[in-house]
Amino acid sequence: MRKSLFILLIGAVLGAVGWHFYQRTFQPTVAQRAGDLATRTRESAVETKDQALATARTVGGELSDAGIIAVIKGKYVVDRDLSALAIGVKCDHGHVTLTGSAESPELIARAVEVARQTNGVSGVTSQLTVKN
């Protein structure tokens with residue numbers, strides 16, 4: 001009788017250990033599932049970022065005239081000293097013409113340089129004048 005009870009107790013302990021092992025292996029905890037989800041999300045974000053950068057490089061390398069104008073105007077909006085409203089931007093096959101006025105010759109030079117440094121611009125003609 002004692003031997004049977006001992007074997008039953010050993011069987012119960014081994015069963016409990018086996019069940020615990022099974023639960024950890026095949027039934028992940030909430031923390032393990034959250035960790036796996038975070039890893040997959042990170043991997044997806046990296047893939048999405050890489051795809052977006054590749055697309056941006058492709059699109060950025062082939063900016064249309066309208067895109068060039070939009071980028072230059074956007075740069076003028078960000079620059080506090082340059083007025084996007086006072087400076088007109090035209091673009092024909094990558095050649096930019098600036099019209100309008102700026103507060104000083106230095107700001108005219110900055111406006112021309114901003115346009116020149118824009119991707120897709122092949123040349124810049126300035127017809128800007130200094131405001132009186």
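Because only heavy atoms are used, hydrogens play no part in the values below, and waters and symmetry mates are left out as well, while side chains stay in.
Closest heavy-atom contact between S101 and I87: O-CG1, 3.8 Å. Shortest non-hydrogen contact noted between G94 and I68 is CA-CD1, 4.1 Å. Among all heavy-atom pairs drawn from S122 and H95, the shortest one is OG-N, 3.6 Å. The two residues L98 and V96 have their closest heavy-atom pair at CD2-CG1, 3.8 Å.
The pair E113-R110 does not count as a salt bridge, with every side-chain nitrogen at least 4.0 angstrom from each carboxylate oxygen.
Among residues two or more places apart in sequence or in another chain, the side chain to side chain contact (heavy atoms under 4.5 Å, CB included) test is passed with L85 by S83.
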Practice problem: Step by step, work out the side chain to side chain contact (heavy atoms under 4.5 Å, CB included) result for V121 and I72. | Solution: CA-CA 10 Å; V121 173; I72 293 171; 4.2 Å; yes
Practice problem: Could you give me the CA-CA distance, side-chain angles and deciding distance for T99 and K90, then say whether side chain to side chain donor-acceptor pair (under 3.5 Å) is met? | Solution: CA-CA 8 Å; T99 58; K90 294 179 185 175; 5.6 Å; no
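Hydrophobic clustering (ILVMFWY, side-chain heavy atoms < 4.5 Å, transitive): V130 and L82 are in one cluster.
Here the side chain of Y76 pairs a donor or acceptor atom with the backbone of A111 at under 3.5 angstrom. Judged by distance alone, with hydrogens and angles left aside, the side-chain atoms of K73 form no donor-acceptor pair with the main-chain N or O of V89 at under 3.5 Å. No donor-acceptor distance shorter than 3.5 angstrom exists from the side chain of D81 to the backbone of L107, with no hydrogens or angles considered. One N or O on the side chain of S64 and one on the backbone of G67 form a donor-acceptor pair closer than 3.5 Å.
Remark: K131 NZ to T129 OG1 distance equals 9.5 Å, nearest 0.5 Å.
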